[in-house]
Amino acid sequence: IKGINGEAISSQEEEKYKTYTLQFIAKVYAKLGWVMQLHMGALRSNSTKMFNKLGADTGFDSIDDIQIAKPLAGFLNALEVTNELPKTILYTLNPVHNYVLGTMLGNFSADSPRGKIQFGSGWWFNDQKDGMISQMKDLANLGLLGNFVGMLTDSRSFLSYTRHEYFRRILCNLIGEWVENGEFPNDEKVLSTLVKDISYNNAKDYFEIK
């Protein structure tokens, strides 16, 4: 009401409003069986000069270094307490937070659906070979890689769909290296199931695609 009336709003009031709104939306997702995807760690529109010249989302964004562990845990916990936590994928733009998200999964896991809370694939600045490998290695170290729903497509560009093939090649190469090093069983049936699940089946089941 204060905002609508043009009155000043404190930072705390802004955070409370945004938190309430996000919780409300998450509860609707839970009722509908939808997936909530949270992308964290972006610092937007850093150049005032270029923002004034070109507007938002024109390439002058970078990685943020805010602390996310406690507020994220509090947010997810508040939803779980009332049994209104939807299936959720957590993405970080800052690879420093890989282990934060990788360990967050276990706090709110459930018997069903399998892999209810996901650590999302390398995103934006991490959407390249090293970033994808780091994300998958960290997930494998901290959780269960076999439950991973794989690569995302969050771009409006048709050409971005080709990165799914790039991701699959990187995934297969990573697993192949583990097999060659004797770190993973050289069992073609197990390997085939693992790759097919991460590349397709897990996402199909998770998003309930008929």
Side-chain angles (χ1 to χ4, degrees), residues 26 28-41 76 85-93 95 97-210:
V28 174
Y29 286 178
K31 283 183 179 179
L32 296 173
W34 290 3
V35 177
M36 175 170 66
Q37 302 192 63
L38 301 177
H39 294 71
M40 294 161 278
L76 298 177
L85 176 62
K87 291 179 287 187
T88 302
I89 306 179
L90 307 173
Y91 301 89
T92 178
L93 192 57
H97 293 141
N98 277 9
Y99 266 50
V100 173
L101 298 192
T103 55
M104 193 67 69
L105 310 182
N107 297 329
F108 305 102
S109 61
D111 293 333
S112 179
R114 186 166 65 95
K116 178 178 180 179
I117 311 299
Q118 292 273 333
F119 176 18
S121 58
W123 162 58
W124 199 343
F125 295 115
N126 302 310
D127 181 9
Q128 28 76 8
K129 182 179 178 181
D130 289 342
M132 292 181 197
I133 290 174
S134 294
Q135 184 272 339
M136 285 189 280
K137 281 186 174 180
D138 291 342
L139 175 56
N141 284 334
L142 300 169
L144 188 59
L145 185 62
N147 283 343
F148 183 32
V149 295
M151 194 58 188
L152 81 160
T153 298
D154 64 347
S155 172
R156 273 67 64 192
S157 170
F158 180 75
L159 293 177
S160 74
Y161 285 77
T162 59
R163 63 182 168 179
H164 283 266
E165 174 64 14
Y166 187 50
F167 167 83
R168 286 191 289 268
R169 289 173 181 267
I170 292 170
L171 168 68
C172 291
N173 190 64
L174 177 62
I175 295 173
E177 287 179 355
W178 289 341
V179 172
E180 288 182 346
N181 294 337
E183 298 171 330
F184 199 89
N186 189 4
D187 184 320
E188 187 171 340
K189 184 178 180 181
V190 172
L191 294 169
S192 176
T193 299
L194 178 63
V195 170
K196 287 178 180 178
D197 284 349
I198 296 174
S199 299
Y200 178 76
N201 292 324
N202 289 347
K204 181 176 182 291
D205 294 340
Y206 190 73
F207 292 104
E208 300 181 24
I209 299 172
K210 305 300 182 183

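The first residue in the sequence is number 1, and the count goes up from there.
Shown here for M151 and G122, the closest heavy-atom pair between the two residues is CE-O, 4.0 Å. The minimum heavy-atom distance linking Y206 with G115 is given by the pair CE1-O, 3.2 Å. Of all the heavy atoms in C172 and V195, the pair that sits closest is SG-CG1, 3.7 Å. Taking every heavy atom of both residues into account, Q118 and V149 meet most closely at OE1-N, 3.2 Å. Annotation for L101 and M40: closest pair CD2-CE, 4.0 Å, computed over non-hydrogen atoms. Taking all atoms of both residues into account, the shortest heavy-atom contact from E208 to G33 is OE2-O, 4.2 Å.
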Can you list the steps and then say if K87 with W34 is a side chain to side chain contact (heavy atoms under 4.5 Å, CB included)?
CA-CA 7 Å; K87 291 179 287 187; W34 290 3; over 6 Å; no
Pair Y200-R168, side chain to side chain contact (heavy atoms under 4.5 Å, CB included): steps then yes or no:
CA-CA 10 Å; Y200 178 76; R168 286 191 289 268; over 6 Å; no
Would F148 and L194 satisfy side chain to side chain contact (heavy atoms under 4.5 Å, CB included), going step by step from the backbone distance to the final call?
CA-CA 10 Å; F148 183 32; L194 178 63; over 6 Å; no
Side chain to side chain contact (heavy atoms under 4.5 Å, CB included) between L191 and V179, worked out:
CA-CA 9 Å; L191 294 169; V179 172; 3.8 Å; yes
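Each of T92, D138, N126, T103 was evaluated against N98; a single residue qualifies, D138, per the side-chain hydrogen bond (donor to acceptor under 3.5 Å, both in side chains) test.
With sequence neighbours left out, F119 forms a ring pair (Phe, Tyr, Trp, His ring centres under 6.0 Å) with no residue at all.
Contact annotation: the side chain of S199 approaches that of L171 to within less than 4.5 Å [non-hydrogen atoms, C-beta and beyond]. Between M104 and L90 there is a side-chain heavy-atom pair separated by less than 4.5 Å.
Proximity of a side-chain donor or acceptor of Y91 to a complementary backbone N or O of W124 within less than 3.5 Å is not detected. Side-chain atoms of S134 come within 3.5 Å of backbone N or O of D130 as a donor-acceptor pair. Between the side chain of N186 and the backbone N or O of E180, no donor-acceptor pair lies under 3.5 Å. Although no hydrogens or angles enter the test, the distance criterion places no donor-acceptor pair under 3.5 Å between the side chain of N181 and the main chain of E183. The main-chain N or O of L85 is found under 3.5 Å from a side-chain atom of K116 such that the two form a donor-acceptor pair. A donor-acceptor contact shorter than 3.5 Å links the side chain of Q135 to the backbone of G120.
Between the OG1 atom of T88 and the CD1 atom of I117 there is a distance of 4.0 Å, given to the nearest 0.5 Å. In this structure, L144 CG and L105 CG are separated by 10.5 Å, a value rounded to the nearest 0.5 Å. In this structure, CD in Q128 is found 8.5 Å from CD1 in I170, a value given to the nearest 0.5 Å. Of the inter-residue distances, the one linking M136 atom CE with L145 atom CG reads 7.5 Å to the nearest 0.5 angstrom. In this structure, N173 CG and W178 CH2 are separated by 11.0 Å, a value rounded to the nearest 0.5 Å. One distance of note links CZ of F167 with CD1 of I198; it measures 6.5 Å at 0.5 Å rounding.
Ring orientation note: the planes of W123 and H39 are nearly perpendicular, at an angle over 60° on the 30°/60° scale.
At most 12 non-hydrogen atoms from other residues, nucleotides or ligands lie less than 6.0 angstrom from CZ of R169.
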